[in-house]
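Report on the structure given below.
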Protein chains: 2
Amino acid sequence: MDHDEARTRILDAAEKLFYDRGIQSVGMDELRTTAGVSLKRLYQCFPAKHDLVEAYLRRRDARWRTTLAAYVTEHADTPDARPLAVFDWLHDWFSAPDFRGCAFINSFGELGATSDGVGRVAREHKRALLSYLTDLARDAGVTEPAAMGAQLSLLVDGAITTAAVSGDPSTARQARTAAAALLAAGASGG
Amino acid sequence: MDHDEARTRILDAAEKLFYDRGIQSVGMDELRTTAGVSLKRLYQCFPAKHDLVEAYLRRRDARWRTTLAAYVTEHADTPDARPLAVFDWLHDWFSAPDFRGCAFINSFGELGATSDGVGRVAREHKRALLSYLTDLARDAGVTEPAAMGAQLSLLVDGAITTAAVSGDPSTARQARTAAAALLAAGASGG
DNA sequence: AACGAGGGAGAACGATCGTTCTCCGGAGGT
DNA sequence: ACCTCCGGAGAACGATCGTTCTCCCTCGTT
């Protein structure tokens, strides 16, 4: 097993365990066991736990946004349909058995006050999501894409946290309905 | 100092420390020091840490909802204005220097997978908020109060988490604008 | 004045944490 | 065949955690 494979296996284990149970509830020993690597290898890939935490969040950010964008471009026939497709993707995600809310909000709540890195990555993730939603709104012909993007991002974050706490995927449907109403009002100049 | 005063001081310390830095980052010794009580007293008021955590969340839930309701009834002249007043209160809250997001979402992200009690209290808090917002929507004459309440609650939760991560109180304004658009669309039938 | 109950201060305990160290076996070069 | 190096397994370390125990002082009662 070479360095890159070890890194990947460690990050896979970290994503599974950290996302499921929170960061401080998972020890380095359990990570090592789940990843199937030696402790020495773990520490030469990630010199400290906070390095692993930050790498986990960065990789998840990239994957999450890539997966969302791929779904939207595939499932929306016209630019107008794209913003609503976001909420269809959310419904799929909420229905996954291991769904447990937004990894960045969870990490921020747990460590945001203690770790600068966690706060920074969470901020970047939300800023990137806002930027993406603003692009979708602009392409859909909304008169004020920045304001619409911000409002859509509120619905997305609200749906994620509500679905996480309640465990009910239909939250995505309610958010979709609200988004449709906002888009209907905003397309004609609101 | 009698039993009740000790309990109050412990809960005050817990609320300050747990909300600021997360639950697992705060030890019982620091709690004891901040509360100014002895360790023996602390453990006779709350036999274990998770008891204190649950009591902290329950008291915060009651206070948070009472404060919100008081603000709304005082600042909204007509029933129609009440739903929007919620977002004015959010703006005040977001602007407070110690604002760090929703205590229940934060706790849920940190311990929801581990502790049943935390998950239960978080769920109850969000359900009570939904019920309150639905009442406001009904009193405002919305045609489908349940759907409107759910949508408003998405905006509220989205605004709280976005404001927490970004640190920008104006998130409340964007949520208010979105809520106004939804209410305008929903008041006339749907 | 003598005594017992109870609380304060903080040491002590066992567990667990993140991190480092030790030991050992196996692969590769001479 | 021998030496060297590297990675694996896991013991070990110091810190810190939640929790309990010890010691001592104070106070109310008789």
Side-chain angles (χ1 to χ4, degrees), chain A residues 1-57 106-107 109-118 121, chain B residues 1-57 106-107 109-118 121:
Chain A
M1 174 170 36
D2 67 353
H3 186 84
D4 280 0
E5 187 188 338
R7 220 186 126 89
T8 301
R9 291 172 65 167
I10 293 166
L11 283 172
D12 288 347
E15 184 152 6
K16 174 172 162 47
L17 295 174
F18 285 160
Y19 180 68
D20 273 3
R21 305 217 311 271
I23 291 169
Q24 299 194 87
S25 299
V26 176
M28 296 299 269
D29 208 64
E30 189 176 3
L31 277 164
R32 171 193 70 109
T33 304
T34 305
V37 303
S38 72
L39 215 47
K40 184 186 269 184
R41 187 80 97 145
L42 205 172
Y43 273 94
Q44 81 186 17
C45 285
F46 302 96
K49 190 181 187 183
H50 69 260
D51 295 320
L52 176 55
V53 170
E54 218 171 304
Y56 143 64
L57 289 175
N106 290 353
S107 305
E110 185 176 353
L111 295 172
T114 304
S115 156
D116 290 349
V118 169
V121 178
Chain B
M1 174 170 37
D2 68 352
H3 186 83
D4 280 358
E5 186 188 339
R7 221 185 125 88
T8 301
R9 289 173 66 165
I10 294 167
L11 282 173
D12 288 346
E15 184 151 6
K16 172 171 164 44
L17 294 174
F18 286 159
Y19 180 68
D20 273 3
R21 305 216 311 271
I23 292 169
Q24 300 194 84
S25 299
V26 176
M28 296 298 269
D29 207 64
E30 188 176 2
L31 240 11
R32 170 192 69 109
T33 304
T34 304
V37 303
S38 72
L39 216 46
K40 182 185 269 182
R41 187 81 97 143
L42 204 173
Y43 274 93
Q44 82 185 17
C45 285
F46 302 96
K49 190 182 186 181
H50 69 260
D51 295 320
L52 176 54
V53 169
E54 219 172 302
Y56 143 64
L57 289 174
N106 290 352
S107 303
E110 185 176 352
L111 296 172
T114 304
S115 157
D116 289 349
V118 168
V121 178

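Numbered from 1 within each chain, the chains take letters A, B, ... in sequence-line order.
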What distance do A/Leu57 atom CG and A/Glu15 atom CD have between them, rounded to the nearest 0.5 Å?
-> 9.0 Å
To the nearest 0.5 angstrom, please state how far the CG atom of B/Asp51 sits from the CD atom of B/Glu54.
-> 7.0 Å
For the helix from C/dA1-D/dT30 to C/dT30-D/dA1, what angle lies between the axis at the first five pairs and the axis at the last five pairs, to 10 degrees?
-> 20°
In this structure, OH of A/Tyr19 is separated from CG of A/Asn106 (nearest 0.5 Å) by 7.0 Å
In this structure, NZ of A/Lys16 is separated from CG of A/Leu31 (nearest 0.5 Å) by 11.5 Å
Can you give the donor-acceptor pairs under 3.5 Å from side chains of residues 34-43 of chain B to other protein atoms, not counting sequence neighbours?
from	atom 1	to	atom 2	distance (Å)
B/Thr34	OG1	B/Glu30	O	2.9
B/Ser38	OG	B/Arg41	N	3.2
B/Arg41	NH2	B/Met1	O	2.6

Taking all non-hydrogen atoms of both residues into account, name the closest pair between B/Ser107 and B/Val118 and its distance.
-> O-CG1, 3.6 Å
With heavy atoms under 4.0 Å as the rule, sort A/Lys49 into base, sugar-phosphate or nothing.
-> sugar-phosphate
In whole angstroms, the gap separating P of D/dA9 from CE of A/Met28 amounts to 16 Å
Judged by nearest nucleotide, the residue sitting upstream toward the 5' end of DNA chain D, A/Gln44 or B/Ile23, is A/Gln44
Flag, side chain of B/Glu110 to backbone of B/Ile23, donor-acceptor distance under 3.5 Å = yes
Interatomic distance, CE@B/Met28 vs CZ@B/Arg32, rounded to 0.5 Å, equals 11.0 Å
In whole angstrom, give the distance that lies between atom CZ of A/Arg32 and atom C1' of D/dA9.
-> 7 Å
Please list, in 5' to 3' order, the outermost nucleotides of DNA chain C lying under 4.0 Å from any heavy atom of chain B.
-> C/dG7 to C/dA11
When A/Pro47 and A/Ser25 are each assigned the nearest nucleotide of DNA chain C, the 5'-most assignment goes to A/Ser25
